[in-house]
S.K.: 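So that we are looking at the same thing, I have put the structure below in structure tokens.
Note that the numbering runs from 1 along the sequence shown for the chain. These values consider heavy atoms only, across backbone and side chains, with no hydrogens, waters or symmetry-generated copies.
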Amino acid sequence: MQILKVISLLLDYPEEALRSAHKELDEAICSAREISPDQRGSLLRLLDELAGDELMDVQERYTELFDRGRALSLLLFEHVHGESRDRGQAMVDLMAQYEAAGFAIGVRELPDYIPLYLEYLASREDLEAREGLADVAHLLALLAARLEERESPYAACFRALLQIAGEQPAVAVAEVREQVAGEVRDDSLEALDKLWEDEAVDFLKAEQQDRCPSQTTMPGKAREEVPVPLHWIDFKQDGAASVPAQEVHNG
């Protein structure tokens, strides 16, 4: 499902390659019939902003949004398991799912990174891809609501994913909006300082994490320490133009 590849790229750390592929991505969004005209319009506006503004400004906004605090983490299991031991097993299970499907990722990649998960689903049959999104629909709605609360155009990505999963985006987001409204923001300087204070240094734990890089603890570190290469799209499918295959590494 090509639109999942597009959304994967929109949610990944913005690089020059994204801007260079503006026209091809625009065409892919316009041709996506899995989402409504309203959802296509919202994705196009996000794409225009990412491609039209200064790259450093776009990257700074991205980092401020997704790498400060855990509420908007793009790691799925951060929202499900936090730092519990169940997270490690969930990582192993997801890696096994990728391997069984012949979907190869780098040794140090975090399998629950949402853009990577979307790239995987894009390689599957449409029904399986929709089921994969439906499995995490509540998290998609939660992230959409939090992004809407912050008036971020990135909310468009999660509303589109909800629609592909068979949900009504407005309804799904409304169901968690009250929960989001009552949350205390965790991206303020005070909140981040407190988080660092609460994270006492545990050298045994640090050594274990070196052996198992999927166990990250601090927000904003996943893409810095564990680069996630995403493969650029061959848009020759469905008659669209092509983008040269290359790897995009998160900064």
S.K.: Please report the interatomic distance CG(Leu118) to CE(Met1), rounded to the nearest 0.5 Å.
M.R.: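 Leu118 CG to Met1 CE: 11.0 Å, rounded to 0.5 Å.
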S.K.: Side chain to side chain donor-acceptor pair (under 3.5 Å) with Asp57: which residues, sequence neighbours excluded?
M.R.: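 For Asp57, no residue satisfies side chain to side chain donor-acceptor pair (under 3.5 Å) once neighbours in sequence are set aside.
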S.K.: What do the steps show when you test Tyr13 against Phe66 for side-chain contact (heavy atoms from CB on, under 4.5 Å), and what is the final call?
M.R.: CA-CA 10 Å; Tyr13 185 79; Phe66 293 116; over 6 Å; no
S.K.: Under a 4.5 Å cut-off applied to non-hydrogen side-chain atoms, are Gln168 and Gln163 in contact?
M.R.: no
S.K.: Any heavy-atom pair between the side chains of Ile35 and Leu43 that's under 4.5 Å?
M.R.: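 Of all side-chain heavy-atom pairs linking Ile35 with Leu43, at least one is under 4.5 Å.
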S.K.: Just distance, no hydrogens or angles: give the donor-acceptor pairs under 3.5 Å from side chains in residues 129-142, sequence neighbours left out.
M.R.:
unit_1 : atom_1 : unit_2 : atom_2 : d
Arg130 : NH1    : Ile164 : O      : 2.8

S.K.: Tell me the closest heavy-atom pair linking Pro111 and Leu94, and the distance in Å.
M.R.: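 Distance-wise, the nearest heavy atoms are O-CD2, 3.3 Å.
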S.K.: Name all residues meeting the side chain to side chain contact (heavy atoms under 4.5 Å, CB included) criterion together with Glu16; count only those two or more places apart in sequence or in a different chain, and write none if there are none.
M.R.: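 Side chain to side chain contact (heavy atoms under 4.5 Å, CB included) list for Glu16, sorted by chain: Arg19, Ser20, Leu55.
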S.K.: Out of the candidates Asp12, Leu76, Leu75, only one should pair with Ile114 under the side-chain contact (heavy atoms from CB on, under 4.5 Å) rule; please name it.
M.R.: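 For Ile114, the side-chain contact (heavy atoms from CB on, under 4.5 Å) test succeeds with only one of Asp12, Leu76, Leu75, which is Leu76.
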S.K.: Just jot down the side chain to side chain contact (heavy atoms under 4.5 Å, CB included) partners of Ala96, sequence neighbours excluded, or say none.
M.R.: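 Checked Ala96 against side chain to side chain contact (heavy atoms under 4.5 Å, CB included); zero matches.
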S.K.: Among all residues two or more places apart in sequence or in another chain, which pass the salt bridge (charged side-chain N to carboxylate O under 4.0 Å, His left out) test with Glu128?
M.R.: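 Here the qualifying residues are Arg124.
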S.K.: Donor-acceptor pair, distance only, cut-off 3.5 Å: does the side chain of Arg177 make one with the backbone of Ala145?
M.R.: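 Absent.
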S.K.: Let me confirm one number: the CG-CZ distance from Leu65 to Arg150, rounded to the nearest 0.5 Å.
M.R.: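 Leu65 atom CG to Arg150 atom CZ measures 6.5 Å (nearest 0.5 Å).
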S.K.: Applying salt bridge (Lys or Arg N to Asp or Glu O under 4.0 Å), which residue pairs with at least one partner in residues 31-50 are found, sequence neighbours left out?
M.R.: Glu49-Arg61
S.K.: Look up atom CD1 in Ile29 and atom CG in Leu47, then write down how far apart they are to the nearest 0.5 Å.
M.R.: 5.0 Å
S.K.: Give me each pair satisfying ring pair (Phe, Tyr, Trp, His ring centres under 6.0 Å) with a member in residues 114-137, each pair once, sequence neighbours excluded.
M.R.: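 Of all non-adjacent pairs touching residues 114-137, those that pass ring pair (Phe, Tyr, Trp, His ring centres under 6.0 Å) are Tyr98-Tyr120, Phe103-Tyr120.
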S.K.: State, to 0.1 Å, how close Ala122 and Lys5 come at their nearest heavy-atom pair, and which atoms those are.
M.R.: CB-CG, 3.4 Å
S.K.: If I compare all heavy atoms of Leu11 with all of Tyr62, which pair ends up nearest, and what's the gap?
M.R.: O-OH, 2.6 Å
S.K.: Could you check if a side-chain atom of Phe158 sits within less than 4.5 angstrom of a side-chain atom of Val173, using non-hydrogen atoms only?
M.R.: no
S.K.: Is the side chain of Asp112 donor-acceptor paired with the backbone N or O of Phe77 at a distance under 3.5 Å, no angle test?
M.R.: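 Side chain of Asp112 to backbone of Phe77, a donor-acceptor pair under 3.5 Å: yes, one is there.
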S.K.: Show the nearest heavy-atom pair for residues Leu46 and Cys157, with the distance to one decimal.
M.R.: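 So the two residues come closest at CD2-SG, 3.5 Å.
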S.K.: Of the non-hydrogen atoms in Ser73 and Leu143, which two are nearest, and what is the gap between them?
M.R.: O-CD2, 4.1 Å
S.K.: For side-chain contact (heavy atoms from CB on, under 4.5 Å), just list the numbers for Leu116 and Leu110, CA-CA rounded to whole Å, side-chain angles, deciding distance to a tenth of an Å, and then say yes or no.
M.R.: CA-CA 8 Å; Leu116 182 63; Leu110 291 174; over 6 Å; no
S.K.: For residues 156-171, which residue pairs pass the salt bridge (Lys or Arg N to Asp or Glu O under 4.0 Å) check, not counting sequence neighbours?
M.R.: Glu148-Arg159
S.K.: Just by modelled atom types, is the Leu4 backbone N or O under 3.5 Å from a matching donor or acceptor in the Ser8 side chain?
M.R.: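 A pair under 3.5 Å: no.
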S.K.: Please give me the minimum heavy-atom distance between Leu9 and Leu25, naming the atom from each residue.
M.R.: CD1-CD2, 4.1 Å
